[in-house]
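Down below is the structure, laid out as structure tokens.
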Amino acid sequence: MTTVGLIIFYIGFFGFFIGLGAAIRGNLQILRINNRKQALLLVLLSFVLAIVGSMIIGPGPENTLQ
């Protein structure tokens with residue numbers, strides 16, 4: 001389950017920077033983002049994915065109660 005959480009987190013993490021770059025540039029044809037509204041939706045979605053991925057991963061062994 002940890003690997004799934006890591007994959008989801010990294011997709012969200014990298015998607016955040018791709019969406020941010022598309023929002024600044026205003027157009028990114030590789031991902032077919034045509035305007036800033038779509039880029040900001042990508043940033044929001046990737047932010048949510050990063051949060052969900054970090055919730056799946058959970059705290060490390062040093063942060064758990066024993």
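Please read all numbers here as calculations on a predicted model, not as lab measurements.
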Minimum heavy-atom separation for Q38 and R32, please, with both atom names.
OE1-O, 3.7 Å

Side-chain donor-acceptor pairs of residues 40-49 under 3.5 Å, sequence neighbours excluded:
| unit_1 | atom_1 | unit_2 | atom_2 | d |
| --- | --- | --- | --- | --- |
| S46 | OG | F16 | N | 3.1 |
| S46 | OG | L42 | O | 3.1 |
| S46 | OG | V43 | O | 2.9 |

Under 3.5 Å donor-acceptor pairs involving side-chain atoms of residues 50-59, not counting sequence neighbours:
| unit_1 | atom_1 | unit_2 | atom_2 | d |
| --- | --- | --- | --- | --- |
| S54 | OG | A50 | O | 3.3 |
| S54 | OG | I51 | O | 2.8 |

A23 and A39: which non-hydrogen atoms are nearest, and at how many Å?
N-CB, 3.5 Å

Hydrophobic clustering (ILVMFWY, side-chain heavy atoms < 4.5 Å, transitive) - are Y10 and F17 grouped together?
yes

Distance in Å, I11 CD1 paired with L6 CG, rounded so as to fall on 0.5 Å steps:
11.0 Å

Between F13 and F9, how do the two ring planes meet: parallel, tilted or perpendicular, split at 30° and 60°?
parallel

